[in-house]
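Note that ligands are numbered from 1 as they come in the structure, with each ligand's atoms numbered from 1 the same way.
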Amino acid sequence: MDNEILKALRSRRSVRAYKPEQITDEELKAVLDAGTYAPTGMNYQDPWIVAVQNPEIINQLVRMNATVMGTDGNPYYDAPTIILVFASSPEKWENGTADASLVLGNMMNAAYAIGLGSCWINRERQMFATEEGRQLMTHLGLPEGLVGVGALSLGYPAKPLPPARPRKENYYRVVK
Ligand SMILES: Cc1cc2nc3c(=O)[nH]c(=O)nc-3n(C[C@H](O)[C@H](O)[C@H](O)COP(=O)(O)O)c2cc1C
């Protein structure tokens with residue numbers, strides 16, 4: 001079977017080079033809205049999503065992430081927008097990470113569907129477990145007790161997308 005959605009799911013790729021210009025508010029809203037329609041355990045809609053376009057805060061995130069990574073580079077690949085996704089801590093809600101991961105997945109596929117590039121960027125758990133991270137979460141208007149799950153770099157891709165790498169053998173099996 002094949003259709004536009006299945007094709008898109010196969011051809012989305014992680015983007016690691018972005019044009020400097022900012023995406024439109026309409027594009028950002030389309031991506032964020034798609035995130036909010038991800039399924040969540042018990043339909044709690046537990047995740048918290050923060051899109052950051054403020055250059056000062058972006059620089060802070062770059063620095064914090066690079067510190068955890070142990071690099072001088074920009075772990076968000078100079079994307080003009082960074083979307084952070086948080087969840088309740090595992091003690092409070094066992095499905096927090098799963099819920100937030102689906103939000104990130106929906107947003108990546110939505111970004112691709114409207115011609116944007118995105119990439120899941122790691123290390124938010126460690127970044128937001130620090131004192132600086134907790135202060136930034138307060139500054140971003142988030143409640144206490146959340147953990148960072150992941151982030152997306154988001155923007156216009158600077159290069160054509162490569163084809164998908166081959167899938168591993170025996171990735172799935174069907175038992176009837
Ligand atoms: C949980 C998770 C963490 C990831 N962390 C990073 C990251 O920190 N930096 C990065 O460049 N890509 C990261 N990626 C992107 C993967 O490297 C990418 O999805 C994988 O290589 C497959 O490529 P594709 O997305 O183009 O199909 C992450 C992906 C996932 C799902």
Side-chain angles (χ1 to χ4, degrees), residues 2 4-20 23 27 31-32 34-41 46-52 57-90 93-130 132-133 136-137 146-172:
D2 214 2
E4 288 306 306
I5 294 175
L6 293 176
K7 270 188 207 125
L9 290 172
R10 286 197 304 267
S11 46
R12 177 215 54 81
R13 293 277 72 78
S14 293
V15 168
R16 297 188 176 87
Y18 295 91
K19 294 182 181 168
I23 62 172
E27 287 166 331
V31 171
L32 294 171
T36 70
Y37 280 90
T40 56
D46 175 71
W48 293 73
I49 308 168
V50 183
V52 181
I57 303 178
I58 287 188
N59 285 341
Q60 185 178 1
L61 293 169
V62 168
R63 177 177 49 72
M64 289 168 69
N65 197 319
T67 302
V68 178
M69 200 178 173
T71 174
D72 290 337
N74 182 335
Y76 301 96
Y77 305 110
D78 298 314
T81 297
I82 295 174
I83 305 182
L84 305 165
V85 181
F86 300 86
S88 294
S89 64
W93 176 229
E94 61 181 352
N95 287 320
T97 303
D99 290 346
S101 299
L102 287 174
V103 167
L104 285 154
N106 258 27
M107 293 195 295
M108 286 189 279
N109 285 314
Y112 177 68
I114 59 171
L116 301 180
S118 71
C119 185
W120 178 316
I121 308 296
N122 246 345
R123 290 164 294 279
E124 276 63 28
R125 185 177 53 76
Q126 299 94 314
M127 287 162 62
F128 289 99
T130 62
E132 181 182 13
L136 180 55
M137 283 165 79
L146 301 184
V147 293
V149 175
L152 291 189
S153 53
L154 185 69
Y156 299 119
K159 298 182 201 161
L161 304 190
R165 267 174 273 161
R167 305 292 95 181
K168 70 177 181 185
E169 273 190 41
N170 300 321
Y171 212 148
Y172 61 77

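- Listed by number with element, the atoms of ligand 1 under 4.0 angstrom from any heavy atom of Tyr77 are 9 (N), 10 (C), 11 (O).
- Rounded to the nearest 0.5 angstrom, Met64 CE and Glu132 CD are separated by 4.5 Å.
- Note on ligand 1: Arg165 sits in its first shell, one or more heavy atoms being nearer than 4.0 Å.
- At a threshold of 4.5 Å between non-hydrogen side-chain atoms, the residues Ile23 and Tyr156 count as touching.
- Met127 approaches Leu61 most closely through the heavy-atom pair CE-O, 3.8 Å.
- The backbone N or O of Ala66 sits nowhere less than 3.5 Å from a side-chain atom of Asp72 that would complete a donor-acceptor pair.
- Heavy atoms of Cys119 come nearer than 4.0 angstrom to ligand 1 in at least one pair.
- When only non-hydrogen protein atoms are considered, atom 15 (C) of ligand 1 lies nearest to Arg16 NH2, 3.5 Å.
- Looking at Thr40 and Asp46, their side chains never bring a donor and an acceptor atom within 3.5 Å of each other.
- For Leu6, the CG atom counts as densely surrounded, since its 6.0 Å shell holds more than 12 non-hydrogen atoms of other residues, nucleotides or ligands.
- Of the protein's non-hydrogen atoms, the one nearest atom 8 (O) of ligand 1 is Asn122 N, 3.0 Å.
- When each atom of ligand 1 is checked for a heavy atom of Arg13 under 4.0 Å away, the hits are 24 (P), 26 (O), 27 (O).
- Atoms of ligand 1 lying under 4.0 Å from any heavy atom of Ile121, numbered from 1 in the order shown and given with element: 7 (C), 8 (O), 9 (N).
- The distance from ligand 1 to the heavy atoms of Arg123 drops below 4.0 Å at these ligand atoms: 8 (O).
- At least one heavy atom of Arg12 sits under 4.0 Å from some atom of ligand 1.
- Atom 20 (C) of ligand 1 is never approached by the protein to below 4.0 angstrom, counting heavy atoms only.
- When the shell of 6.0 Å around CZ of Arg125 is examined, it contains 12 or fewer heavy atoms from other residues, nucleotides or ligands.
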